[in-house]
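Before any comments, here is the structure.
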There are 2 protein chains.
Amino acid sequence: MKPRARRGGGRPTIADVALRAGVGAITVSRALREPGRVSPELRRLVAAAVAELGYVPDRNARALASARADVIGVLVPSLTNSVFAEVVRGIYDGLGDSHLQVQIGHTHYSGLEEERLLQVFLSQRPSALIVSGIDQTPAARALLENAGCPVVQIMETGPDPVDMMVGFSHFEGGRAAARHLAEAGYRNIGFIGARMDPRSKRRLAGYRAAMEDAGIFDPRLVTTTTVPSSVSLGRDLFREARAKMPALDAVFCNNDDLALGVLFECHGAGLAVPSAVGIAGFNDLEMMEAAFPSITSVRTHRYEIGRLAVSMARAAISGDRPPQPMVDIGFELMPRESTKRAR
Amino acid sequence: MKPRARRGGGRPTIADVALRAGVGAITVSRALREPGRVSPELRRLVAAAVAELGYVPDRNARALASARADVIGVLVPSLTNSVFAEVVRGIYDGLGDSHLQVQIGHTHYSGLEEERLLQVFLSQRPSALIVSGIDQTPAARALLENAGCPVVQIMETGPDPVDMMVGFSHFEGGRAAARHLAEAGYRNIGFIGARMDPRSKRRLAGYRAAMEDAGIFDPRLVTTTTVPSSVSLGRDLFREARAKMPALDAVFCNNDDLALGVLFECHGAGLAVPSAVGIAGFNDLEMMEAAFPSITSVRTHRYEIGRLAVSMARAAISGDRPPQPMVDIGFELMPRESTKRAR
DNA sequence: TTGTATGCGTTATCAT
DNA sequence: ATGATAACGCATACAA
């Protein structure tokens, strides 16, 4: 039977390299993936042949043969949330010179969407999976447990990790912020929250705990909505909160966007910050320090979470799982002008 | 010879489906990809078998066999820049129900890094490529021209597209902002710019053109740095600009982060906005409208650019290239309080 | 340490 | 419209 024309684009294959180097194809394969298992001499020959031919391994063929794609799947709620944008930056940076590729999926804060994306991702047999939060649906949880690859849950800590975990306690973060406001001398400290995803709810719980500790909790101090967060929403919610509780003299905001909105609303309404109104945010975006007055916030280590998640995943892929499968990376209260109340 | 155990994870394959449906494997393949070429009857049989077995096609095998991955490569400077985060959101949304996956690469504003990523991406034979800007290195340009897949350049318009293009004129955007400030009655209108990537430079050129038209250009009005943009940098640059030109009565900022910084610096220094200082930004982030006073900006249609780029790419993949390979999506000047100078 | 034979799951080619 | 067969390029299993 007559040999057919090659279907591929004529790119050099591993066989071409092997021929050129005068070795077997498998030796080329090994020299590229596990250089330690090939003699230095052959390794050199292979490297030379690769360079001369401009050989680039075909990822698709590799994935098919090994039943494993060099892909790390990442599930985040949204990339326009700059907090997750920074997590993703940390993830990319954590990749370093590995041949791993990142595949990002947006859950849009939906557990069902997370489930669906998990199915899609899993169908490619990723090398590892990074998912946001600890509130997966039971189905998603089952998928993760049977993923057959390392899994890292990020942004939060909690009991019962699927596999590995890097994050911090949003409850404690919320509590620290509220406690700070109370200690600064504010008495009617409101909570303003948008979107109210699970992490926001835990911040609210932390706020409540601190308020109850100080004996100054009042449910009317809490103003939330499921609407996505924005600066203008911060203005709106603050107006709403003040209408409900005119005595309000401070607010802890769900996140920094809202806090910025509150600051602008105060400017607009002629309310002095921090003397008439204290403001605290969450996440400590860069602008908090630059605002006038500068805004108190809870710094979260988003970039580091991304980096660490990848490094744990890579370790697990390599077979040496981190001794510490669960890392609480903490947070840091950043007290600033916006909560310096004159007593 | 004895049959070996299956290497794969035991997932049903196309052969299993074919057996179950009582058809050939290729018919299953076709029924899934080009239903129109399979008789309705067999199509039904195949669909049933797929459902019963829970068959999911193996992307890797598909990519290997067809020499084409269902991946659309996207190259952006950075994801922490919220402008590009929104572009990417548009891209994902534009995917709709297609089976395409997105692969994102960060060039970090480096032409060389863009070249490198292009090599990596190309090695997977993507279905399409979306790249940012029009300032590719000659090598990158050559790679794109020989990519063998549709290419969309985004964010800018310009002569000589590689293939397709969606964007707007940064020159005209900069010119419109500067002209607006001049028409508002400001005389000593500064330009503040960070990073100064090619697009920023074109905005600067637009600013200069408008200033020269008005006969009020002075090189000392321009303050730039290659440092990445941030709110605090906006404060610093504005201080620097004022030190250089005490008569400064307005600034057009490279982007909204800087503009916000200028606003805060004015607040801190007791400079009234817009009466003492006019401020205009670029991109029109959500917070511009919510700021106090609200900040004039040039609205750019980032999300739409992402959506459109994908829809053009998808059309080209399907063989029907858009009649209009080059789309200028425009921009919109958003005049606000920050430039309402009392004459 | 190196090589041989074989399989990975799918699609392109060609024939019917 | 449907099917048989041969790639696709690489990695696994096993032998040497």
Side-chain angles (χ1 to χ4, degrees), chain A residues 1-46 50 53-70 99 123-125 127, chain B residues 1-46 50 53-70 99 123-125 127:
Chain A
M1 61 194 84
K2 70 168 183 288
R4 296 182 182 174
R6 261 168 91 138
R7 289 204 304 213
R11 273 188 354 202
T13 75
I14 202 169
D16 299 326
V17 177
L19 209 65
R20 178 81 162 230
V23 302
I26 190 63
T27 300
V28 175
S29 176
R30 280 199 276 254
L32 263 32
R33 291 174 303 129
E34 325 170 82
R37 300 171 82 93
V38 173
S39 69
E41 194 180 1
L42 290 191
R43 212 186 304 160
R44 226 179 21 73
L45 283 175
V46 169
V50 165
L53 265 42
Y55 168 71
V56 180
D58 184 312
R59 299 182 76 93
N60 302 127
R62 175 176 284 179
L64 176 60
S66 64
R68 182 61 73 208
D70 286 337
H99 47 261
S123 87
Q124 349 210 348
R125 304 176 187 275
S127 290
Chain B
M1 62 196 85
K2 70 168 183 288
R4 298 183 182 170
R6 261 166 92 142
R7 290 204 303 216
R11 278 190 344 208
T13 74
I14 202 168
D16 299 326
V17 177
L19 209 65
R20 178 83 162 228
V23 302
I26 190 64
T27 301
V28 175
S29 177
R30 280 198 277 253
L32 264 31
R33 292 174 302 131
E34 325 170 82
R37 300 172 83 91
V38 173
S39 69
E41 194 180 0
L42 291 191
R43 212 187 301 160
R44 229 180 15 76
L45 283 175
V46 169
V50 164
L53 267 41
Y55 168 72
V56 180
D58 183 312
R59 298 182 79 92
N60 301 126
R62 173 174 286 179
L64 176 59
S66 64
R68 183 61 72 207
D70 286 338
H99 48 260
S123 87
Q124 350 212 344
R125 303 176 188 276
S127 291

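Just so it is clear, the structure is predicted and the values come from calculations on it, not from any experiment. Chain letters run A, B, ... following the sequence lines, proteins first, then strands; residues in each count from 1.
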Atom of B:Pro57, atom of B:Arg62 and distance for their closest heavy-atom approach: CB-NH2, 3.7 Å

Spacing of B:Leu45 atom CG relative to D:dA1 atom P, expressed in whole Å: 17 Å

Atom-pair distance (CZ on B:Arg59; C1' on C:dT11), nearest Å: 15 Å

Residue mapping more 5' on DNA chain D - nearest nucleotide basis, B:Thr27 or B:Ala61: B:Thr27

Of the listed nucleotides C:dT11, C:dG3, C:dT10, the one nearest the side chain of B:Ser29: C:dT11

Side chain to side chain contact (heavy atoms under 4.5 Å, CB included), paired with A:Val28, selected from A:Leu19, A:Leu42, A:Val23, A:Thr13: A:Val23

Side-chain touch B:Arg11/A:Arg125, heavy atoms, less than 4.5 angstrom: yes

Nearest-nucleotide pick for B:Pro57, side chain only, options being C:dT10, C:dG3, D:dC8: C:dT10

Value in whole Å for how far the C1' atom of D:dA1 lies from CD1 of B:Ile26: 12 Å

Rounded distance (nearest 0.5 Å) linking atom CG of B:Asp58 with atom CG of B:Leu64: 9.5 Å

Within residues 31-43 of chain A, residues whose heavy atoms come under 4.0 Å of DNA chain D: A:Arg33

Atom pair distance, as rounded to whole Å: CZ in B:Arg62 and C1' in D:dA7: 18 Å

Summary of side-chain hydrogen bond (donor to acceptor under 3.5 Å, both in side chains) pairs that have at least one residue in residues 20-30 of chain B, sequence neighbours excluded: B:Arg20-B:Glu52, B:Ser29-B:Arg33

Interface with DNA chain C, restricted to residues 18-25 of chain A and to heavy atoms under 4.0 Å: A:Val23, A:Gly24

Minimum-distance pair of heavy atoms, taken over all atoms of B:Pro12 and B:Gly54: CG-O, 4.1 Å

Spacing between B:Arg44 atom CZ and D:dT2 atom P, to the nearest angstrom: 13 Å

Between D:dC8 (C1') and B:Asn60 (CG): distance, integer Å: 13 Å

Interatomic distance where CG belongs to A:Asp70 and C1' belongs to D:dA11 [whole Å]: 12 Å

Residue pair A:Gln124, A:Arg68: steps toward the side-chain contact (heavy atoms from CB on, under 4.5 Å) verdict: CA-CA 7 Å; A:Gln124 349 210 348; A:Arg68 182 61 73 208; over 6 Å; no

Heavy-atom pair with the smallest gap, counting every atom of B:Ile14 and B:Ala25: CD1-O, 3.6 Å

Whole-Å gap separating C1' (C:dT11) and CZ (B:Arg30): 10 Å

Side chain to side chain contact (heavy atoms under 4.5 Å, CB included) partner of B:Val50, chosen from B:Leu32, B:Asp16, B:Leu45: B:Leu32

